[in-house]
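Input: a single structure, listed below in structure tokens.
Quick note: numbers below take in every heavy atom, side chains included, and nothing from hydrogens, waters or symmetry partners.
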Amino acid sequence: MLRPARNSRRLRHSGALAAVAVGAALALTSTTAQAAAPAPRHYVALGDSYAAGAGVPGQSGGLCLRSDHNYGHLVAASLKAGGYTDVTCSAAKIKAMTQPQYDAFLRVNDPQLDAVTADTDLVTLGIGGNDLAASDLGLGELVATCIAGAVVNPLGTPCKDVYHHGYWDWRTWSWQYGNDDLAERIDTTIAPQIATTLRQIHAKAPKARVLLVGYPSVLPADGSTCVLRQPVTPGDVAYMHGVLDRLNAALESTAAANGATYVDTATPTRGHDVCSDDRWIEGALPGSPAVPFHPNATGEKAMADAVLAALK
């Protein structure tokens with residue numbers, strides 16, 4: 001009767017040793033896997049005010065309004081990047097990738113792609129929103145149009161009527177819409193120009209991993225939640241939400257077709273838009289430091305987390 005007991009103890013002892021050995025092997029494998037993902041040697045951040053963290057402390061870069069807490073800085077710190085170059089700039093359009101950027105005849109930024117070199121191994125690009133507007137005001141034009149329209153037509157869709165060419169059709173006795181300027185710009189201008197930019201990045205830095213960062217959830221899908229919260233009509237909120245969804249979809253497909261990784265920042269910021277009780281995107285009257293209708297520090301952190309998740 002003693003032998004089975006000794007055998008049982010031996011089996012339990014052997015099982016314990018095996019478990020320890022397996023655990024040690026897994027730990028070693030995990031450590032090796034982590035060590036196999038080195039920090040980037042040279043990370044370059046490109047983009048507009050959403051990438052720059054406009055208005056979020058602390059600010060630098062003059063009129064570019066770069067924040068040292070924008071998502072690029074947070075990603076660089078988390079990855080312990082060997083070198084980090086931030087050339088993001090507020091009001092940047094896609095052309096700012098290859099041309100100097102001016103504001104009131106003042107040169108505020110060099111061509112952003114100048115910062116990308118052969119040794120660059122990580123690039124984030126957040127651009128396209130300002131190209132929705134025909135003027136140099138970029139997204140500011142859209143915001144101003146929507147707010148001004150709400151003053152004279154608080155129950156309608158004045159912003160949508162401007163860009164979607166709304167008109168009253170007396171023949172059918174109904175409101176009709178023509179071509180949508182914003183949708184057309186996304187499909188025929190923004191997507192092709194970003195595709196060209198991605199190819200230029202790959203040419204300058206062939207070994208770089210390139211991430212195209214989308215726009216966060218600035219506005220809710222349900223415009224009624226903005227009543228008495230933001231100076232935009234519910235109908236225009238829903239319309240502009242759809243425009244940003246279309247822009248993000250175009251960015252995603254353009255990234256996939258041009259060797260880049262798309263970073264979805266809309267999903268992790270959903271429910272924290274300008275009309276929510278817990279805003280990560282500030283509204284017309286910011287409650288924390290940020291340019292109106294732009295991410296605050298929490299929003300930039302959420303965008304950084306999305307970039308880091310995409311890099312895994």
- How about Ser224 and Asp222: does a side-chain donor come under 3.5 Å of a side-chain acceptor? yes

- Which atom names give the shortest non-hydrogen contact between Thr117 and Ala205, and what distance separates them? O-CB, 3.4 Å

- Message: Keeping Thr120 on the side-chain end and Val116 on the backbone end, is there a donor-acceptor pair under 3.5 Å?
- Response: no

- Item | Point-to-point distance, once rounded to the nearest 0.5 Å, from CG of Asp169 to OG1 of Thr172 | 3.5 Å

- Separation between OG (Ser288) and CH2 (Trp280), nearest 0.5 Å, reads 12.5 Å

- Query: Do side-chain atoms of Asp273 reach the backbone of Val218 as a donor and acceptor pair under 3.5 angstrom?
  - Reply: no

- Pro216 side chain near Met303 side chain, heavy-atom distance below 4.5 Å: yes

- Distance-only donor-acceptor check, side chains Thr267 and Asp264, under 3.5 Å: yes

- Item | Test log, rule side chain to side chain contact (heavy atoms under 4.5 Å, CB included), inputs Asn70 and Leu74 | CA-CA 6 Å; Asn70 61 23; Leu74 299 177; over 6 Å; no

- Message: Would you say that more than 12 heavy atoms from the other residues, nucleotides or ligands in this model lie under 6.0 Å from the NZ of Lys204, or not?
- Response: yes

- Note on the structure: Rounded to the nearest 0.5 Å, the SG atom of Cys275 sits from the CZ atom of Arg229 at a distance of 7.5 Å

- Query: What are the two closest heavy atoms between Pro111 and Arg107, and how far apart are they?
  - Reply: CD-NH2, 3.9 Å

- Regarding Tyr163 and Asn179, is there a side-chain donor-to-acceptor distance under 3.5 Å anywhere? no

- Test item: Thr124 and Tyr71 side chains (from C-beta on) under 4.5 Å apart, heavy atoms: yes

- Polar contact flag, side-chain donor to acceptor under 3.5 angstrom, Gln200-Thr98: no

- Any chance CG of Leu106 has more than 12 other-residue heavy atoms, nucleotides or ligands included, within less than 6.0 Å? yes

- State, with a plain yes or no, whether a side-chain heavy atom of Cys89 is found less than 4.5 Å away from one of Gln112. yes

- Message: Between Thr265 and Tyr50, do the side chains contain a donor N or O and an acceptor N or O under 3.5 Å apart?
- Response: no

- Message: For Ala310 versus Arg209, what's the shortest heavy-atom pair and its separation?
- Response: O-NH2, 3.0 Å

- Task: Please answer: with hydrophobic residues joined when any side-chain heavy atoms are less than 4.5 Å apart, are Tyr167 and Trp170 in the same cluster?
- Result: no

- Message: Could you walk me through whether Ser276 and Asp278 satisfy the side-chain hydrogen bond (donor to acceptor under 3.5 Å, both in side chains) test, starting with their C-alpha distance in whole Å, then the side-chain angles of each, then the deciding distance to 0.1 Å, before giving a yes or no?
- Response: CA-CA 5 Å; Ser276 73; Asp278 183 17; over 6 Å; no

- Do Asp136 and Asn130 have side chains that get closer than 4.5 Å, going by heavy atoms? no

- Do His73 and Asp86 have side chains that get closer than 4.5 Å, going by heavy atoms? yes

- Task: Would you check if there is a donor-acceptor pair between the side chains of Asp180 and Tyr239 at a distance under 3.5 Å?
- Result: yes

Show me, pair by pair, the donor-acceptor contacts under 3.5 angstrom made by side chains of residues 184-195, not counting sequence neighbours?
from: Arg185; atom 1: NH1; to: Leu132; atom 2: O; distance (Å): 2.4
from: Asp187; atom 1: OD2; to: Arg246; atom 2: NH2; distance (Å): 2.5
from: Thr188; atom 1: OG1; to: Glu184; atom 2: O; distance (Å): 2.6

- Task: Evaluate the criterion side chain to side chain contact (heavy atoms under 4.5 Å, CB included) for residue pair Met240 and Asp245; output intermediate values, then yes/no.
- Result: CA-CA 9 Å; Met240 290 306 302; Asp245 271 358; over 6 Å; no

- Message: Tell me if a side-chain donor or acceptor on Ser49 pairs with a main-chain N or O of Ala91 at a distance below 3.5 Å.
- Response: no

- Task: Please determine, by modelled atom types, if Thr85 and His42 share a side-chain donor-acceptor pair under 3.5 angstrom.
- Result: yes

- Are Val263 and Ile94 in one and the same hydrophobic cluster, where Ile, Leu, Val, Met, Phe, Trp and Tyr link if side-chain heavy atoms are under 4.5 Å apart? no

- Message: Closer than 3.5 angstrom, by distance alone: can the side chain of Asp236 be matched with the main-chain N or O of Val232 as a donor-acceptor pair?
- Response: no

- Could you check Leu211 against Leu122 for side chain to side chain contact (heavy atoms under 4.5 Å, CB included), going step by step and ending with a plain yes or no? CA-CA 8 Å; Leu211 279 67; Leu122 176 62; 4.0 Å; yes

- Message: Checking the side chain of Ser67 only, and the main-chain atoms of His69 only, is there a donor and an acceptor separated by less than 3.5 Å?
- Response: yes

- Query: Under a single-linkage definition using a 4.5 Å side-chain heavy-atom cutoff for Ile, Leu, Val, Met, Phe, Trp and Tyr, are Val213 and Tyr84 assigned to the same hydrophobic cluster?
  - Reply: yes

- Query: Yes or no on side-chain hydrogen bond (donor to acceptor under 3.5 Å, both in side chains) for Asn296 and Arg279, after CA distance, side-chain angles and deciding distance?
  - Reply: CA-CA 8 Å; Asn296 55 29; Arg279 290 187 299 190; over 6 Å; no

- Message: side chain to side chain contact (heavy atoms under 4.5 Å, CB included), that's the test. Do Ile127 and Met97 meet it? Break it down for me.
- Response: CA-CA 9 Å; Ile127 200 74; Met97 297 299 109; 4.0 Å; yes

- Could you state whether Leu113 and Val87 fall into the same hydrophobic cluster, counting links through intermediate Ile, Leu, Val, Met, Phe, Trp or Tyr residues with side-chain heavy atoms under 4.5 angstrom apart? yes

- Determine whether the side chains of Thr298 and Glu300 contain a donor N or O and an acceptor N or O closer than 3.5 Å. no

- For Leu65 and Ser90 the tightest heavy-atom approach is CB-OG, 3.5 Å

- Query: Which value, rounded to the nearest 0.5 Å, describes the distance between Leu142 atom CG and Leu244 atom CG?
  - Reply: 8.5 Å

- Item | Linked, directly or transitively: Leu212 and Leu311 (ILVMFWY side chains, under 4.5 Å) | no

- Check Thr145 against Cys159 and note the closest heavy-atom contact, atom names and distance. CG2-SG, 4.2 Å

- For Ser78, the side chain to side chain contact (heavy atoms under 4.5 Å, CB included) test, sequence neighbours excluded, returns Leu308

- Expected output: side-chain Glu282 to main-chain Pro289 donor-acceptor under 3.5 Å: no

- Message: Would the distance check show the side chain of Gln230 and the main-chain N or O of Val227 forming a donor-acceptor pair, the cut-off being under 3.5 Å?
- Response: no

- Message: For a 4.5 angstrom cut-off between non-hydrogen side-chain atoms, does His294 reach Pro292?
- Response: no

- Query: Do any N or O atoms from the side chain of Asn248 and from the backbone of Tyr215 form a donor-acceptor pair under 3.5 angstrom?
  - Reply: yes

- Note on the structure: Here the gap from Leu251 atom CG to Leu247 atom CG, rounded to the nearest 0.5 Å, amounts to 4.5 Å

- Any Val274 side-chain heavy atom under 4.5 Å of Phe293 side chain: yes

- Message: For a 4.5 angstrom cut-off between non-hydrogen side-chain atoms, does Asp110 reach Pro100?
- Response: no

- Message: So that I know where these two stand, are Tyr177 and His165 an aromatic pair - ring centroids less than 6.0 Å apart?
- Response: no

- Minimum heavy-atom distance Leu46-Thr88, with the two atoms named: C-CG2, 3.6 Å

- Query: Would a distance-only check, ignoring hydrogens and angles, find a side-chain to backbone donor-acceptor pair under 3.5 Å from Lys93 to Ala133?
  - Reply: yes

- Taken to the nearest 0.5 Å, the spacing of Asp161 CG from Asn153 CG works out to 7.0 Å

- Check: Asp121 side chain, Ala208 main-chain N or O, donor-acceptor pair, under 3.5 Å: no

